[in-house]
**Student:** 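One structure, as structure tokens, below. Some questions next.
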Number of protein chains: 2
Amino acid sequence: MPRSDASRTWSIAEIAEEFGVTHRTVRHYEDLGLISPERRGTTRVYHRRDRTRLGLVLRGRRLGFPLEEIRTIIDLYDAPRGRRSQLEYVLDQIDERRADLEQRRRDIEAALSELDGFEGRCREDLRRLT
Amino acid sequence: MPRSDASRTWSIAEIAEEFGVTHRTVRHYEDLGLISPERRGTTRVYHRRDRTRLGLVLRGRRLGFPLEEIRTIIDLYDAPRGRRSQLEYVLDQIDERRADLEQRRRDIEAALSELDGFEGRCREDLRRLT
DNA sequence: CACGTTCTTGACGTTAACGTCAACGTAAAG
DNA sequence: CTTTACGTTGACGTTAACGTCAAGAACGTG
């Protein structure tokens with residue numbers, strides 16, 4: 001049986017360490033409903049599912065999304081989509097998200113190409129100094 | 001002489017309106033040294049240069065950068081790069097910025113493709129409901 | 001079973017990015 | 001010349017995202 005089995009669990013310290021955050025951050029995310037670890041007695045026990053969600057949260061954070069928004073997004077992934085109205089709502093949300101992400105991508109491309117141009121000018125300056 | 005001449009100036013209300021922010025936000029950015037409009041008497045007068053910088057600031061904001069970091073970046077663009085040491089410092093900063101932006105781009109690509117996959121599953125669900 | 005480690009739940013502190021008054025100046029318009 | 005619109009400087013309020021104690025429970029180890 002492999003160590004990283006589907007049934008393997010982690011403590012809050014292990015999770016925090018592995019994802020490079022503090023246990024306080026992990027608990028804060030739980031307060032906001034972003035993750036909901038199992039409890040054994042009073043102690044939190046993290047499963048693979050929690051790791052997946054935490055990964056999504058941190059990616060959202062790197063992208064600068066507010067945690068509340070992140071919650072609505074990843075909840076979307078888990079939402080029941082039985083009824084047609086639900087599905088149409090979800091598809092609308094997807095479109096909004098995509099529009100946002102694509103705007104960000106454009107911003108990044110623009111920033112990167114400005115950076116490239118600027119680096120070119122700097123290297124030119126450096127060359128002339130030699 | 002065209003209206004949008006290089007010498008045209010704007011009031012704080014015009015600037016705020018045009019960029020879709022409040023005058024309070026504009027003043028806040030001035031407090032942090034992100035823009036520094038001319039003063040006629042006590043009144044702020046904005047030039048094209050200020051608009052350019054404000055545009056950069058807002059793009060940085062959309063990308064989720066903290067304002068302090070944004071300041072160091074756009075100040076970099078205006079920094080004197082006469083000495084070799086200065087130029088090398090600037091080139092280092094450029095590399096850091098680029099690494100950051102590329103990480104963000106990867107995050108966005110990942111998020112977008114997950115979104116695509118999810119949309120596919122939703123449309124499939126919808127089709128089966130018909 | 002005493003001890004150090006790891007966990008728990010509050011509760012208050014902090015920083016960033018503004019919002020929201022208050023109180024006042026000034027300049028054109030009726 | 002008063003009103004109205006737009007500008008100014010404080011200064012305090014607010015929200016998000018945690019940091020930072022404090023004070024205690026639980027658990028493996030010598």
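By convention in this document, chain letters (A, B, ...) are assigned in the order of the sequence lines, proteins followed by strands, and residues within each chain are numbered from 1.
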**Student:** Once each nucleotide of nucleotides 6-19 of chain C is scored for protein heavy atoms under 4.0 Å, what B/S/- sequence comes out, 5' to 3'?
**Tutor:** -SSBBB-----BBB
**Student:** Which pairs, with at least one residue in residues 38-89 of chain B and sequence neighbours excluded, count as a ring-ring contact (aromatic ring centres under 6.0 Å, His included)?
**Tutor:** F118(A)-Y77(B)
**Student:** Salt bridge (charged side-chain N to carboxylate O under 4.0 Å, His left out) with D116(A): which residues, sequence neighbours excluded?
**Tutor:**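 Checked D116(A) against salt bridge (charged side-chain N to carboxylate O under 4.0 Å, His left out); matches are R98(B).
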**Student:** Taking salt bridge (charged side-chain N to carboxylate O under 4.0 Å, His left out) as the test, write out the residues that go with R62(A), two or more places apart.
**Tutor:** D107(B)
**Student:** Round to the nearest Å and state the distance from D31(B) atom CG to dT8(D) atom P.
**Tutor:**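 The distance from CG of D31(B) to P of dT8(D) comes to 12 Å, rounded to the nearest Å.
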**Student:** Please identify each residue that fulfils side-chain hydrogen bond (donor to acceptor under 3.5 Å, both in side chains) with D95(B), with sequence neighbours left out.
**Tutor:** none
**Student:** Under the rule for salt bridge (charged side-chain N to carboxylate O under 4.0 Å, His left out), what residues qualify as partners of E96(A), not counting sequence neighbours?
**Tutor:** none
